[in-house]
Amino acid sequence: MVKTPVVVFTSLSLLLSLSCAGDVKSRSCSDVRLAFTTKGFSLHNVPHQEISGEHLRVCAQGYTCCTSDMEDQLGQQSKLDFERLVDDSSRNIRTTFTSRHKKFDEFFLELLDNSEKSLNDMFVRTYGKLYTHNSEMFEDLFSELKRYYTGGNVNLEEVLNDFWSRLLERMFQLLNSQFTFSDDYLECISKYTDQLKPFGDVPRKLKAQVTKAFIAARSFVQGLMVGREVANRVAKVNISPGCSKALTKMWYCPYCGGMSGLKPCANYCQNVMRGCLANQADLDPEWNLFIDAMLLVADRLEGPFNIEAVMEPIDVKISEAIMTMQDNSMQVSSKVFQGCGHPKAASVGRSARGISDVFNSRFKPFNSPEERPTTAAGTSLDRLRIVWRTMQHSVVDIKEKLKESRRFWSSLPDSICAEDEMTDPDEEQCWNSHTRGRYFPEVVKDGLTNQLNNPEVEVDITRPDTFIRQQIMTLRVMTNKLRNAYNGKDVYFQDSSDEESGSGSGSGFTTEPEVVHTEPPMLEADKSDPQPPTDAGSVQQKPSVTVLSIPALLLLLLLCWR
């Protein structure tokens, strides 16, 4: 009688054990089937109840709701989900560079167009046909400035030097309209531009302002374009097999375990993302240097390299240069005749026409911007100022957006895992890669070399992503250009592979560009000159000096040509 209870108890325990085992094997997969269809997959071959999981290669091989095909499908889905997450998380920064590049480019080109139109309106109104007959000089100047800004192989100093040389030739001919000049003689005259300074200090000052402003503007818009392209390229992630396996395990192995609603633990998610985005994080140091250089050039555009200070008063500055040459016309003509020889006399008819054209024209210097002529409605100059103000506001906006993009790539894993739909804030009720519960491993640091001990993602730290390395080099080259632009140096004609300052910081930048001074070549007399001067005294009495008797108006007209 004593043994009977023991036998009964043993029998009941065995039956209960078998009953429980039967319950485990027959657990329903209805939640998994619903989640699977929500992802857009077919329910074909999806089990209704758990099955043995020896066939699984990523998820745990216990009882499972996943077949091999389902695990493969979920693996592909994890890749798509990851690509979408990175794309969504980087969309704001990519849109920033795209939209700001477009706006800045449009504003600057409109600024150039309006500057040219403002100058054209003023000179047409002031000089009429005299200007229109010689306007190609200014058209060529603005055309070359625009070509430089848009990336053309243009040397700004040469463009400006050529402009002043051409203006000197035209004015010299007008001031000495009683003579005729050969092409060789005109070329000889142009050599005196730097030596005689016929236009005073205007060319030097204008050259310094134009080159600095345009170098900064072109480098800045190129920087926006490079930032856009690098962000677009890096956002297209290259998913390694180790990353793919880790993503599937984090997002979809809970499905196979019958826990489709379970979200990853935050620290677990960070380890997976830092492993998958290790190469992107390595872009961050060079990206931050690039952003800092962009901000420095933006400061230049707001301050000393302000394009408005160059383009708005350009017509007045050129007028000042013309008046300066008018005042110095006797000395200029005398020295040119000494160096280039005595020119041939022109026919009476030609000389008279030249003097008459100048005599009948009008030149009115303007003491203040308000006195300058504009279009009938006064809209040309007004529009120029409106465009610039809008552009200035655009630069301020770009600066704020650039500041926000610092450390973007290294913080991307944390940004993704911080999303509410990504992780569960309850550390005890999240998926820890095995089951529901706390995740204990420490979060690794960002960057490729720190992934050696990543517990979730197999990363080969000896093989950096070559594509990411290419983007690092692209940023490094652009950063060097921006640094040179900050110093007012044109880097277009320098070797872009030069990386001597590629890893430096803005603190070492100088604030002034290097200035190279060159001496003008010695001039020789025109060999074809039939009457070369014998001495300075004879030159003083040449009829060319009579040009000064021509009204001052005539000289000033010359300068207007654009």
Side-chain angles (χ1 to χ4, degrees), residues 99-125 131-132 134-164 166-167 202-203 205-225 297-298 300-319 321 369 372-375 378-396 398 485 488 490 492 560-562:
S99 63
R100 271 56 181 189
H101 171 268
K102 184 174 184 293
K103 286 184 178 180
F104 185 89
D105 193 50
E106 289 176 350
F107 290 154
F108 195 89
L109 290 175
E110 187 174 356
L111 181 70
L112 279 180
D113 290 340
N114 277 274
S115 297
E116 183 175 9
K117 188 176 187 303
S118 177
L119 184 146
N120 184 74
D121 290 345
M122 172 185 172
F123 287 164
V124 167
R125 187 180 180 89
Y131 163 70
T132 57
N134 297 277
S135 61
E136 80 281 354
M137 280 198 308
F138 275 46
E139 292 172 359
D140 291 344
L141 174 62
F142 276 91
S143 176
E144 287 299 285
L145 291 176
K146 184 178 296 184
R147 193 161 73 89
Y148 171 85
Y149 168 74
T150 55
N153 187 9
V154 177
N155 187 311
L156 277 181
E157 290 196 8
E158 289 182 1
V159 166
L160 294 168
N161 289 340
D162 180 64
F163 167 76
W164 291 111
R166 292 174 67 186
L167 184 58
V202 173
K205 290 182 178 179
L206 196 60
K207 180 193 294 185
Q209 292 173 329
V210 167
T211 53
K212 288 178 181 179
F214 273 77
I215 288 169
R218 182 169 82 161
S219 298
F220 191 68
V221 78
Q222 285 181 347
L224 291 173
M225 181 176 65
V297 175
R300 288 298 206 205
L301 287 172
E302 286 186 294
F305 296 177
N306 188 321
I307 195 69
E308 180 190 28
V310 178
M311 301 311 297
E312 184 181 348
I314 194 170
D315 45 7
V316 172
K317 291 180 180 179
I318 295 175
S319 297
R372 288 186 291 161
T374 62
T375 57
T379 56
S380 181
L381 192 56
D382 291 342
R383 179 56 184 162
L384 176 61
R385 288 167 176 163
I386 291 172
V387 171
W388 170 249
R389 298 306 175 194
T390 307
M391 185 175 173
Q392 253 189 338
H393 293 151
S394 176
V395 172
V396 173
I398 292 171
D490 194 347
Y492 192 81
C560 324
W561 307 323
R562 142 181 167 337

Donor-acceptor pair, side chain of Arg218 and main chain of Tyr148, under 3.5 angstrom: yes
Backbone of Asn114 reached by a side-chain donor or acceptor of Ser118 within 3.5 Å: no
Pair Glu106-Lys103, salt bridge (Lys or Arg N to Asp or Glu O under 4.0 Å): steps then yes or no: CA-CA 5 Å; Glu106 289 176 350; Lys103 286 184 178 180; over 6 Å; no
Contacts of type side-chain hydrogen bond (donor to acceptor under 3.5 Å, both in side chains), residue Lys205, not counting sequence neighbours: none
Euclidean distance, Asp113 CG relative to Glu110 CD, rounded to 0.5 Å: 7.5 Å
Leu156 CG to Ile215 CD1 distance, which is reported to the nearest 0.5 Å: 6.0 Å
Ser219 (side chain) donor-acceptor with Ala216 (main chain) under 3.5 angstrom: no
His101 versus Val221, closest heavy-atom pair with distance: CD2-O, 3.2 Å
Sub-6.0 Å ring centroid separation between Phe142 and Phe163: no
Non-hydrogen side-chain atoms of Val124 and Thr132 separated by less than 4.5 Å: yes
Side-chain donor/acceptor of Ser143 to backbone N/O of Glu139, under 3.5 Å: no
Arg166 side chain near Glu136 side chain, heavy-atom distance below 4.5 Å: yes
Heavy-atom side-chain contact between Gln209 and Leu206 under 4.5 Å: yes
Validation row: Leu160, Thr211 side chains within 4.5 angstrom (heavy atoms): yes
Side-chain heavy atoms of Leu112 within contact of Phe214, under 4.5 Å: yes
Gap between atom CZ of Arg125 and atom CG of Asn120 - 0.5 Å precision: 13.0 Å
Any Asp162 side-chain heavy atom under 4.5 Å of Leu141 side chain: no
Residues forming a side-chain hydrogen bond (donor to acceptor under 3.5 Å, both in side chains) with Lys207, sequence neighbours excluded: Asn161
Aromatic plane relationship, Tyr149 with Phe104 - under 30° parallel, 30 to 60° tilted, over 60° perpendicular: tilted
For Asp105, salt bridge (charged side-chain N to carboxylate O under 4.0 Å, His left out) partners two or more places apart: none
For the student: nearest non-hydrogen atoms of Val297 and Ala485, plus distance: CG2-CB, 4.4 Å
